[in-house]
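Worksheet: the structure to be examined is printed underneath.
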Amino acid sequence: MSGSNDHIAENARRYGKLAIAEAARLLQAGKLVAVPTETVYGLAADSTNPEAVAGIYRTKGRPDFNPLIVHVPDLDAALRIGEFHPLARQLADKFWPGPLTLVVTLRPDAGISPAVTAGLDTIALRCPAHPVMQELLRDSGLFLAAPSANRSGGISPTTADHVRTSLGPAAPAILDAGACSSGLESTIITTMGEDYTILRPGPVSPEDLEKVAGRKAVAPKNKGIQSPGQLASHYAPSKPLRLDALDASPEEFHIGFGDVPGDANLSAAGDLAEAASRLYALLHQADASDRPAIAVAPVPVHGAGLAIADRLARAAFRS
Ligand code: AMP
Ligand code: MG
């Protein structure tokens, strides 16, 4: 985390040290706060407070079998909550702070509310890189459970406005730090000895993981839902969504990519990282438009494109 302290100080000035201190106070009192991370906005609560955690599920309308990610300020904090095998430790060393979530064995004495893990003996941990979230974690001294700050199953929020639109009157205080830079939820992996499985693709790509782990990911065993980011329908707008659309009908809001201009373009330059950071903002825009349907141009399925394709497939799925 070298060099990040100047960053934190600068951002605390820009976004208001007072706002961060106030958010810390609310969280310590068991309230919810919507918080910025580099992936999407999170709906945060003290992970050791059962009532506060219940508030997350209630506010999101989230099924309580869907466990939450706990956010920590650094690896030391994570080691107090979970047991890290050497590979998990190696990946945390390399990718933290950043958009990688590690599912590890929960230490029973960690004090985490059972509702956080939905009763599992494993826990999902992440150390976020966003300087405001980092400062909040340090200021509050809390380990924050935080799923995305939207109604369950809906489009994830990448701005404070999205949080307000999605949660409506249920929206708690929002620590507004502008748009999220990465824009897609974290990559989630679980490690088993020397092997690892990708439970949810995200900003840290399979190639990135392979370089550090020295081996490819093992395919997930299909024993029920390990990670509800794996639910067939998730991240979904309220309208039908058509994929691989080079053209669109007048009824459709067309989200373009590269040379396919669309009504709005994920990245005119064809840049996948830019497309990932804009995906949810454009889905929100399309959902709010006066057209009854959405069409999305083809996006290449490699690197960051893999996670984009994963989210679009779930957004398009109708049961
Ligand atoms: P969200 O908070 O909305 O980004 O979703 C968190 C994701 O982490 C969900 O897909 C959860 O299923 C997954 N997750 C959290 N805890 C665990 C765990 N112990 N084992 C597997 N997946 C988990
Ligand atoms: Mg979510």
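Order of appearance sets the numbers: ligands from 1, and atoms from 1 within every ligand.
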Between R80 and A110, is there a donor-acceptor pair closer than 3.5 Å when you use the side chain of the first and the backbone of the second?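 A pair under 3.5 Å: no.
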Using a heavy-atom cut-off of under 4.0 Å, does the side chain or the backbone of N66 touch ligand 1, or both, or neither?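 Under 4.0 Å from ligand 1, N66 contributes side-chain atoms alone.
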Just heavy atoms, cut-off under 4.0 Å: does R126 contact ligand 1 by side chain, backbone, both, or neither?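 Under 4.0 Å from ligand 1, R126 contributes no heavy atoms.
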Can you find an N or O of E185 that's nearer than 3.5 Å to an N or O of ligand 1?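 Among all N and O atoms of E185, none is under 3.5 Å from an N or O of ligand 1.
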Just distances here: any N/O of R62 and N/O of ligand 1 closer than 3.5 Å?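 Yes; the residue has a nitrogen or oxygen that sits under 3.5 Å from a nitrogen or oxygen of the ligand.
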Could you tell me, atom by atom, which parts of ligand 1 come under 4.0 Å of a heavy atom of [X]?
X	result
I188	7 (C), 8 (O), 13 (C)
S148	2 (O), 3 (O)
V103	18 (C), 19 (N), 20 (N), 21 (C)
P67	11 (C), 12 (O), 14 (N), 15 (C), 16 (N), 17 (C), 23 (C)
L120	18 (C), 19 (N)
T122	18 (C), 19 (N), 20 (N)

Looking at [X] and [Y], does any basic side-chain N land under 4.0 Å from a carboxylate oxygen?
X	Y	value
R126	E38	yes
R314	D310	yes
R25	E22	yes
K216	E210	yes

What are the two closest heavy atoms between P36 and M133, and how far apart are they?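 Nearest heavy atoms, P36 then M133: O-CB, 3.3 Å.
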Minimum heavy-atom distance A275-I308, with the two atoms named: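 What the structure gives for the nearest pair is CB-CD1, 3.9 Å.
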Return all protein N, O or S atoms below 2.8 Å from the Mg ion (ligand 2), chain by chain in residue order.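 Near the Mg ion (ligand 2), the protein supplies S148 OG.
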For the residue pair E185 / S156, report whether a side-chain donor-acceptor contact shorter than 3.5 Å exists.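 The criterion, which ignores hydrogens and geometry beyond distance, is satisfied for E185 and S156.
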Apply side-chain hydrogen bond (donor to acceptor under 3.5 Å, both in side chains) to the pair T159 and D161, showing each step before the final yes or no. CA-CA 5 Å; T159 65; D161 255 359; 5.5 Å; no
Let me check something: do V212 and F84 share a hydrophobic cluster, defined by ILVMFWY side-chain heavy atoms less than 4.5 Å apart, either directly or through other members?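 Yes, because V212 and F84 connect within a single hydrophobic cluster, where side-chain heavy atoms sit under 4.5 Å apart.
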Tell me whether the rings of H162 and H284 are parallel (<30°), tilted (30 to 60°) or perpendicular (>60°).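 Parallel, since the angle between the ring planes stays under 30°.
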